[in-house]
**Q** 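One structure is given below, represented as structure tokens, and several questions about it will come after.
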Amino acid sequence: MHKSGFPHLSLGNKLIQAYIKCGDIEGARNLFDEMPQRHIVTWNSMISAYVRHGLSGEAIRLFERMCLESVFADEFTFSIVFKAFSDMGRVYGGRKAHGLLVVLGVEVSNAFVGSGLVDMYAKFGRLRDARLVSDCVVEKDVVLLTALIVGYTQHGENCKALEVFRDVVAVGIKANDFTFSSIPIACGDLGDRRSGMQIHGLMVKSGYGDVVACKTSLVTMYSKCGLIDDSLKVFERCPDANLVTWTALITGLVQNGREESSLLMFKQMVSKSLNPNAFTLSSVLRACSVLTMYEQGQQIHCIVLKTGLHRERYVGAALIDMYGKSGSIGMARIVFESLDKCDVVLINSMINSYAQSGYGQEAVELFDHMRKSGIEQNAVTFLSVLSACSNAGLLEEGSRIFSSLQRDSKLDPSTDHYACMVDLLGRAGRLKEAENLIKQVEEPDVVLWRTLLSACRIHGKVEMARRVMTRVLELDKKNDGTHVLLSNIYASAGEWNEVSNMKIAMKNLKLKKSPGMSWIEVDREVHTFMAGDLSHPRATEINEELKRLREKIETLGYVPDVRFVLQDLNEEQKKRSLYYHSEKIAIAFGLLSNIRNSTFIRIFKNLRVCGDCHNWIKFVSKVSQREIIARDAKRFHHFRDGMCSCGDHW
DNA sequence: TTAGGGTTAG
């Protein structure tokens with residue numbers, strides 16, 4: 001023992017090592033603090049233990065204390081401390097440590113030091129610095145080059161990642177499982193199937209084809225290349241799939257439009273007692289959102305709450321989006337307000353939810369609040385708030401925000417931003433101003449002209465529509481939506497000859513009008529209806545319900561508005577055609593299904609709700625005492641007690 | 001002692 005009663009220097013170090021080995025970091029720290037003098041190895045052991053236990057902040061504090069006490073850091077210290085700085089995102093501190101390394105004359109060419117430094121700069125996104133350090137190391141090893149590859153892939157520089165990988169192969173450095181779990185990501189993000197498949201072959205040849213992380217990386221690579229069936233093949237040969245592998249597959253399925261399969265896979269995963277994390281849950285929430293399956297979405301929300309992941313940013317954004325897209329704006333707001341920290345994506349999700357439900361004022365307030373709080377707004381923020389203004393007809397606020405976007409030198413308004421303004425002006429009947437705004441755009445796209453064409457329809461401006469149509473056709477001859485739009489303008493004006501000319505034009509161009517359909521989720525099953533569609537097993541009941549509703553609402557003053565029938569029919573035929581619009585059938589079915597005694601009914605339509613249906617739903621919401629939420633191609637309508645949230649502006 | 005695979009807004 002040391003005369004002061006403390007263990008001898010090397011014995012003390014051994015004791016600290018023993019504490020660390022047992023995972024007793026607190027014990028190691030106490031002993032460390034009590035030691036009258038410490039060897040460099042002791043400092044290094046302690047710093048290293050902190051980093052390995054996820055206590056990088058503590059590691060940095062100890063490193064700084066070491067410098068203050070004039071203990072010279074060595075290669076070992078630097079190899080570990082750079083990771084601490086990158087874990088904590090402390091760019092400035094990391095650079096200072098690099099400076100100290102130079103002053104102390106520690107060699108960067110040491111493989112461990114070089115790799116640590118390259119990895120730190122790569123994680124900070126300072127890839128030029130990472131490359132400079134890497135170039136100073138004469139004998140580069142696989143760890144250093146893999147760190148560089150990962151840095152490039154994580155910051156979207158996938159071509160450079162592939163270049164480094166090709167260098168690795170060319171100079172004969174043996175790529176290992178870490179390299180093979182990183183490089184397919186670059187191929188996936190580039191959509192480079194050829195390189196992806198070559199690397200897959202090389203991986204198998206090198207003996208890493210059975211490493212789970214490598215296979216996971218292949219699942220992602222194939223799915224990002226649009227080859228989801230190949231992802232499934234890799235997954236089938238992965239009996240040791242872990243949570244990351246399952247999540248990669250579930251995400252891939254969602255990204256490839258196979259949302260139903262992704263939900264089935266999720267169920268399988270849970271049945272294997274694998275607990276989903278934030279990655280998994282945000283992907284399945286997206287699947288529910290796309291499928292408009294909100295009962296499922298709510299169940300996933302329960303899992304989120306049970307697992308305590310409701311404060312995770314990615315999950316929060318996915319939940320806000322899911323509730324926003326389901327028209328449950330109250331729930332979206334509850335999730336939003338429960339978050340501890342806000343970032344631009346979360347706020348954009350909330351603004352966008354407001355936009356879709358027509359809550360323009362709330363969207364503008366959040367936008368203004370964001371600006372006051374100093375949170376940087378991006379192009380999506382402006383697009384979301386402008387679309388909120390356009391859905392709610394807030395011309396004054398929209399113009400103010402659009403002007404500030406034009407003044408803001410950091411962001412250039414895109415054609416999408418202009419489209420919102422054209423829509424706002426157009427709907428307000430200021431068609432000439434809308435047209436002038438389009439002329440300000442250097443290369444106006446077809447969306448802008450089509451937006452103006454749509455405004456012409458609302459205001460019945462047939463002559464202007466003819467002119468705008470020629471511009472639309474110059475840019476996109478083969479768009480069914482455009483032809484239908486102009487045909488509807490002619491139909492509203494009673495120009496039936498022109499309507500049949502449009503039909504002939506569409507036939508010649510082999511364009512088909514996409515059929516209108518509505519759907520509703522009942523007991524986690526989706527029921528879809530077309531106009532006049534009486535093929536549902538409960539068609540007779542639906543018909544009776546429609547009749548009951550008609551009788552009730554007619555006593556309150558509902559009159560079918562045949563102006564919305566865009567076919568050349570007689571009055572009685574027109575009324576009958578309105579009677580069986582798909583949204584009416586879906587609502588009648590919803591009412592008779594009495595979904596879980598719910599106070600509301602939610603339906604979806606792939607096209608815009610027509611004026612007569614809009615009026616019909618208002619009456620039905622009154623007689624049925626239900627809130628009816630209808631999502632059409634663009635937005636939500638919340639009907640309650642004979643009124644609609646859109647204030648008839650849509 | 002150093003490097004890896006899966007997630008959010010339009």
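Each chain gets a letter, A, B and so on, in the order the sequences are listed, and its residues count up from 1.
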**Q** At 4.0 Å (heavy atoms only), tell me whether A/D177 reaches a base, stays on the sugar-phosphate, or touches nothing.
**A**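 The residue A/D177 makes base contact.
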**Q** Remember a base hit wins even if backbone is also touched, and classify A/V212 as base, sugar-phosphate or nothing at under 4.0 Å, heavy atoms.
**A**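 A/V212: base contact, heavy atoms under 4.0 Å.
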**Q** Charged N to carboxylate O under 4.0 angstrom, A/R311 versus A/E337?
**A**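 Salt bridge: no.
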**Q** Which residues pass the ring pair (Phe, Tyr, Trp, His ring centres under 6.0 Å) test with A/H301, sequence neighbours left out?
**A**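 Testing A/H301 for ring pair (Phe, Tyr, Trp, His ring centres under 6.0 Å), a comparison that skips the adjacent residues, returns A/Y323.
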**Q** Under the rule for ring pair (Phe, Tyr, Trp, His ring centres under 6.0 Å), what residues qualify as partners of A/Y222, not counting sequence neighbours?
**A**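 For A/Y222 the ring pair (Phe, Tyr, Trp, His ring centres under 6.0 Å) partners, ignoring immediate neighbours, are A/H200.
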**Q** Knowing that exactly one of A/V219, A/L253, A/T220 qualifies, which makes a side chain to side chain contact (heavy atoms under 4.5 Å, CB included) with A/S231?
**A**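 When side chain to side chain contact (heavy atoms under 4.5 Å, CB included) is applied between A/S231 and each of A/V219, A/L253, A/T220, only A/V219 qualifies.
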**Q** Does a side chain donor of either A/T245 or A/T216 reach within less than 3.5 Å of an acceptor in the other side chain?
**A**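 Yes.
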**Q** What pairs with A/F382 under ring pair (Phe, Tyr, Trp, His ring centres under 6.0 Å), at least two apart in sequence or on another chain?
**A**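 If we apply the ring pair (Phe, Tyr, Trp, His ring centres under 6.0 Å) test to A/F382, skipping adjacent residues, the hits are A/F367.
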**Q** Using a heavy-atom cut-off of 4.0 Å across all strands, would you classify A/A278 as base, sugar-phosphate, or nothing?
**A**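 The residue A/A278 makes base contact.
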**Q** Looking for any heavy atom pair under 4.0 Å, which part of the strands does A/R286 touch: base, sugar-phosphate only, or nothing?
**A**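 Result for A/R286 = sugar-phosphate.
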**Q** Below 4.0 Å from chain A heavy atoms, what is the first contacting nucleotide of DNA chain B and what is the last?
**A**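 Span of nucleotides near chain A: B/dT1 to B/dG10.
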**Q** Hey, are A/S349 and A/D321 close enough side-chain-wise for a donor-acceptor pair under 3.5 Å?
**A**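 On atom types as modelled, these side chains do not qualify, holding no pair under 3.5 Å.
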**Q** Classify the nucleic acid contact of A/V150 as base, sugar-phosphate or nothing, counting any heavy atom under 4.0 Å across all strands shown.
**A**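 Here A/V150 touches the backbone only, sparing every base.
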**Q** So A/K215, base contact, sugar-phosphate only, or nothing? Heavy-atom distance under 4.0 Å.
**A**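 If one applies the 4.0 Å heavy-atom cut-off, A/K215 turns out to touch nothing in the nucleic acid.
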**Q** Reckon A/Q377 touches a base, only the sugar-phosphate, or nothing at all at heavy-atom distances under 4.0 Å?
**A**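 Nothing: the residue A/Q377, judged by heavy atoms under 4.0 Å, touches no strand.
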**Q** So A/S48, base contact, sugar-phosphate only, or nothing? Heavy-atom distance under 4.0 Å.
**A**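 Since no nucleic acid heavy atom lies under 4.0 Å of A/S48, the category is nothing.
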**Q** Quick one: list whatever passes side-chain hydrogen bond (donor to acceptor under 3.5 Å, both in side chains) with A/S353, sequence neighbours left out.
**A**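 Not a single residue meets the side-chain hydrogen bond (donor to acceptor under 3.5 Å, both in side chains) criterion with A/S353.
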**Q** Would you mind classifying the nucleic acid contact of A/N176 as base, sugar-phosphate or nothing, using non-hydrogen atoms under 4.0 angstrom?
**A**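 Base contact - A/N176 has a heavy atom under 4.0 Å of at least one base atom.
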**Q** For A/N44, which contact category applies under a 4.0 Å heavy-atom criterion: base, sugar-phosphate, or nothing?
**A**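 Counting heavy atoms under 4.0 Å across all strands, no contact is made by A/N44.
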**Q** Classify A/S349 by what it touches in the nucleic acid, base, sugar-phosphate, or nothing, heavy-atom distance under 4.0 Å.
**A**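 Answer is sugar-phosphate: A/S349 comes under 4.0 Å of backbone atoms only.
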**Q** Which part of the nucleic acid does A/L243 contact within heavy-atom distance under 4.0 Å: base, sugar-phosphate only, or nothing?
**A**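 Base contact.
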**Q** Test your reading of the model: is there a side-chain donor-acceptor pair from A/H417 to the backbone of A/S414, 3.5 Å cut-off?
**A**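 Yes: the side chain of A/H417 pairs with the backbone of A/S414.
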**Q** Quick one, which residues of residues 116-124 of chain A touch DNA chain B with a heavy atom under 4.0 Å?
**A**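 Nucleic-acid contacts, sorted: A/D119, A/K123.
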**Q** Would you classify A/T179 as touching base, sugar-phosphate or nothing, given that sugar-phosphate means primed atoms plus P, OP1 and OP2, and contacts are heavy atoms under 4.0 Å?
**A**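 Touches nothing.
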